[in-house]
Amino acid sequence: MSKNAIYAQSGGVTAVINASACGIIETARKYPDQIGKVYAGRNGIVGILKEDLIDTSEESSESIARLRTAPSGAFGSCRYKLKSIQESRDAYQRLIDVFAAHEIGYFFYNGGGDSADTCLKIAQISEQMGYPVQALHVPKTVDNDLPVTDSSPGFGSAAKYIATSVLEASLDVASMSLTSTKVFILEVMGRHSGWMAAAGGMASSQSHPIPLVILFPEIAFDREQFIQRVRSTVSEHGQVSIVVSEGVAGKDGRFLAGQDGSDAFGHQQLGGVAPTIACIVKQDTGFKYHWAVADYLQRSARHIASRTDVEQAYAVGESAVLMALDGENSVMPAIVRTSDHPYQWKIGKASLAEVANVEKKLPGHFIDESGYGITQACRDYIAPLMEGEDYPEFRNGVPHYIRLVNKSVPRKLDTDFEV
């Protein structure tokens, strides 16, 4: 007998997370004898806990296909971390109750490292509770910090947006630098890993060099050295663009711009490092500056998504279903780079025990000797991930994105669950 499947999106969404959803749903529909319906948790795992489910079978094949070009999370996401099985046993029991009530045998969780941890725990406790569920993690994160997989779906498109924005803003500053702005600062995401900051380095090339200074979270911020670098770059080029990761910290390990409070995963809330750097530049040099925060723009810019990223996002969704049908459990489809020149890749498999709560930082050899730029090895790694265009349909000059019906599934449990 076929079993139903459930899909949920977790954490900050990306420009291509819906391509993974498309891959899962389209592939599942090819195997009706093994997978009945594909449900989705409304607003991620919170929707599953509250038994607020979406019946994706109510969506047409055309609508599901158009998910491939849609940004954001089509079914809603959430930041909700399940603690250990001992601490959150009621929550895990609730998940199993919902799975059993709706005859769910497959769970696909689309997220980052914390989501991989949750997926692993669900696979383990469902077995213990007598209702085994095959739980597969589908990788997603603009931070590119998931281990094992060569890259994380979402990063390539975010990198493309950052590199493009830095390039265009730098050209703007160059046209004004003689009598006006000499310093442009862009804040990008990246708590402990500098992948997004490194993407800013792709704005510059040998054929079209851009004066850049990159501040990585992997390197402690030194104010004196930084100002010296800014002064010398402006002296030589008349301008400089600074790409700063939100997670840049001083030698004492404290974030330059940490906000009060933390998110649902227990991470300190970050943001505001761009104006902090701007103040330092103003105080120490007097240069006129402008700053910007890429924020949600860098992860939602589907209009300039990387074709490579879209193809890989779809492929991990498709592969997750095929792995589940092969009996796999507690695994994640991983992207394996098989060649740099030309760039080639395939889908491999990673155990969730290797992925959960493990953070992949930017390798040291990707940062140049100055500490403020990227090496050729880094360029060779990032370039193919940004390659290709995959434009959505445009109407009246703006992208025309699908909005699903998202019809609710009738509840079967008598009790509610507070989250």
Side-chain angles (χ1 to χ4, degrees), residues 158 161-204 208-261 268-299 362 367-374:
Y161 175 85
I162 291 169
T164 302
S165 298
V166 172
L167 171 60
E168 293 175 341
S170 297
L171 295 175
D172 186 297
V173 173
S175 67
M176 301 293 295
S177 60
L178 180 62
T179 59
S180 185
T181 305
K182 297 184 183 301
V183 180
F184 172 69
I185 303 158
L186 180 66
E187 176 181 328
V188 300
M189 292 178 176
R191 179 178 302 274
H192 298 122
S193 57
W195 295 102
M196 299 278 271
M202 300 300 291
S204 182
H208 293 90
I210 298 293
L212 289 175
V213 169
I214 305 175
L215 299 177
F216 303 96
E218 286 87 356
I219 296 181
F221 179 75
D222 184 304
R223 180 167 178 160
E224 183 177 345
Q225 290 182 3
F226 165 68
I227 290 300
Q228 183 180 2
R229 184 76 175 191
V230 170
R231 285 186 183 276
S232 64
T233 305
V234 172
S235 176
E236 181 178 357
H237 301 282
Q239 66 170 113
V240 65
S241 291
I242 301 168
V243 182
V244 54
S245 169
E246 64 182 354
V248 166
K251 294 180 180 179
D252 59 0
R254 296 178 60 185
F255 292 120
L256 262 62
Q259 300 176 358
D260 293 335
Q268 183 179 353
Q269 202 75 23
L270 296 180
V273 72
T276 299
I277 294 297
C279 285
I280 292 173
V281 168
K282 179 67 173 177
Q283 291 170 2
D284 293 10
T285 70
F287 294 145
K288 186 173 181 180
Y289 63 85
H290 276 274
W291 59 267
V293 180
D295 201 50
Y296 278 19
L297 300 178
Q298 65 203 298
R299 75 182 197 202
L362 190 71
I367 302 174
D368 69 17
E369 292 182 0
S370 74
Y372 295 112
I374 60 173

Check whether any side-chain N or O of [X] sits under 3.5 Å from a backbone N or O of [Y] as a donor-acceptor pair, and report yes or no.
X: Ser180; Y: Ser177; value: no
X: Ser235; Y: Arg231; value: no
X: Ser193; Y: Gly190; value: no

Closest contact, heavy atoms only, [X] versus [Y]:
X: Ile214; Y: Ala197; result: CG2-O, 3.6 Å
X: Ile162; Y: Gln298; result: CD1-OE1, 3.7 Å
X: Ile210; Y: Ser204; result: N-OG, 2.8 Å
X: Ala203; Y: Ala163; result: CB-O, 3.4 Å
X: Ser245; Y: Met189; result: OG-O, 4.2 Å
X: Phe226; Y: Tyr372; result: N-OH, 3.2 Å

Just wondering, do [Y] and [X] contact through their side chains at under 4.5 Å, heavy atoms?
X: Val188; Y: Tyr161; value: no
X: Phe255; Y: Val273; value: no
X: Gln239; Y: Phe184; value: no
X: Gln283; Y: Arg223; value: yes

Nearest 0.5 angstrom please: [X] [atom1] to [Y] [atom2], how far?
X: Tyr289; Y: Lys182; atom1: OH; atom2: NZ; answer: 15.5 Å
X: Trp195; Y: Phe216; atom1: CH2; atom2: CZ; answer: 11.0 Å
X: Ile277; Y: Ile242; atom1: CD1; atom2: CD1; answer: 7.0 Å
X: Leu212; Y: Arg229; atom1: CG; atom2: CZ; answer: 10.0 Å
X: Gln228; Y: Thr233; atom1: CD; atom2: OG1; answer: 10.0 Å
X: Cys279; Y: Leu256; atom1: SG; atom2: CG; answer: 11.5 Å

For side chain to side chain contact (heavy atoms under 4.5 Å, CB included), just list the numbers for Trp291 and Glu187, CA-CA rounded to whole Å, side-chain angles, deciding distance to a tenth of an Å, and then say yes or no. CA-CA 8 Å; Trp291 59 267; Glu187 176 181 328; over 6 Å; no
Would Val293 and Glu246 count as a side chain to side chain contact (heavy atoms under 4.5 Å, CB included) if you check the C-alpha gap in whole Å, the side-chain angles of each, and the deciding distance to 0.1 Å? CA-CA 9 Å; Val293 180; Glu246 64 182 354; over 6 Å; no
Look at atom CD of Glu224 and say whether more than 12 heavy atoms of other residues, nucleotides or ligands are closer to it than 6.0 Å.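 It does not: Glu224 CD has 12 such atoms or fewer within range.
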Cation over ring face, Arg299 and Tyr296, 6.0 Å, 45°: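 Because its charged atom sits under 6.0 Å from the ring centre and within 45° of the axis, Arg299 does stack over Tyr296.
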